[in-house]
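In what follows, every heavy atom counts, from backbone to side chain, and hydrogens, waters and symmetry copies are set aside. Each ligand, and each atom within it, is numbered from 1 in the order the structure gives. FYI, the numbering just counts along the sequence from 1.
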Amino acid sequence: MTLTVLVLNGPNLGRLGVREPDVYGTATYEDLVQRCQEVAKETGLEVDVRQTDSESEMIGWLHEAADEGAPVILNAGAWTHTSVAVRDAASQLTSPLVEVHLSNVYARETFRHTSYLSDIAVAVVVGMGLEGYAAALRFLAQV
Ligand code: DQA
């Protein structure tokens with residue numbers, strides 16, 4: 001059976017392309033989905049790429065991944081730095097969690113240097129734009 005990786009994106013990531021292009025680049029959310037699908041095909045994975053601005057929906061998706069034993073690539077956006085609830089949901093995963101950020105959060109405001117997710121993730125990718133998702137998928141294809 002092919003392994004399905006959930007690629008979960010949090011608030012404001014649906015606005016990629018128009019949102020602060022100096023920070024996040026000009027690639028759109030649709031480009032992000034397409035890049036994940038390309039790499040999934042290359043690596044023999046299935047991907048299910050989603051985005052939500054609702055914290056409750058994100059927590060539901062993490063519960064679903066926990067119940068299915070699915071690996072997760074998570075860009076929790078601002079919830080990374082604020083949400084114990086998203087961390088508690090991600091803590092229930094039984095397959096690897098990879099935390100991804102498009103921008104290099106460590107080169108930005110200090111409030112972005114704190115992550116509620118990094119210590120429960122097997123890997124963290126920052127500052128590589130869409131290629132960070134590609135790297136995370138390639139990593140998950142061989143663990
Ligand atoms: C982000 C970084 C976060 O600090 C920010 O709140 C985002 C996007 C990134 O992908 O670089 O929404 O997760």
Worksheet item: Where is the tightest heavy-atom contact between Pro11 and Ala78, given as atom of each residue plus distance?
Response: CG-N, 4.3 Å
Worksheet item: atom 3 (C) of ligand 1: which protein heavy atom is closest, and how many Å away?
Response: His81 NE2, 3.5 Å
Worksheet item: Counting both backbone and side chain atoms, is some N or O of Val105 under 3.5 Å from an N or O of ligand 1?
Response: no
Discussion item. Quick check: Arg108 and ligand 1, any N/O pair under 3.5 Å apart?
Written reply: no
Item to complete: Examine ligand 1 and decide if any of its atoms is less than 4.0 Å from a heavy atom belonging to Asn75.
Response: yes
Practice prompt. Classify the angle between the aromatic ring planes of Tyr106 and His113 as parallel (below 30°), tilted (30 to 60°) or perpendicular (above 60°).
Written response: tilted
Discussion item. Is it the case that the side chains of Ser83 and Glu55 hold a donor-acceptor pair, with the cut-off being a distance below 3.5 Å and no angle test?
Written reply: yes
Discussion item. Please list the nearest protein heavy atom to atom 9 (C) of ligand 1 with its residue and the distance rounded to 0.1 Å.
Written reply: Leu102 N, 3.4 Å
Item to complete: Would you tell me whether Asp88 and Ser91 have side-chain atoms, one donor and one acceptor, within less than 3.5 Å of each other?
Response: no
Discussion item. Students should be able to answer this: which protein heavy-atom is nearest to atom 5 (C) of ligand 1, and at what distance?
Written reply: Arg112 NH1, 3.3 Å
Worksheet item: So, Tyr24 and Asn12: side-chain donor and acceptor under 3.5 Å apart, yes or no?
Response: no
Practice prompt. State, without any angle test, whether Glu46 and Thr4 hold a side-chain donor-acceptor pair at a distance under 3.5 Å.
Written response: no
Worksheet item: Under 3.5 Å, side chain of Asn9 to main-chain N/O of Arg50, donor-acceptor pair present?
Response: yes
Discussion item. Could you identify the single nearest non-hydrogen protein atom to atom 8 (C) of ligand 1 and state the distance to 0.1 Å?
Written reply: Tyr24 OH, 3.5 Å
Discussion item. Quick test of your reading of the structure: of His101, Arg15, Glu20, whose heavy atom lies closest to atom 13 (O) of ligand 1?
Written reply: His101
Worksheet, complete the sentence: atom 12 (O) of ligand 1 has as its nearest protein heavy atom Arg19 NH2, 3.0 Å
Worksheet, complete the sentence: Ranked by distance from atom 11 (O) of ligand 1, the top protein heavy atom is Ser103 OG, 2.6 Å
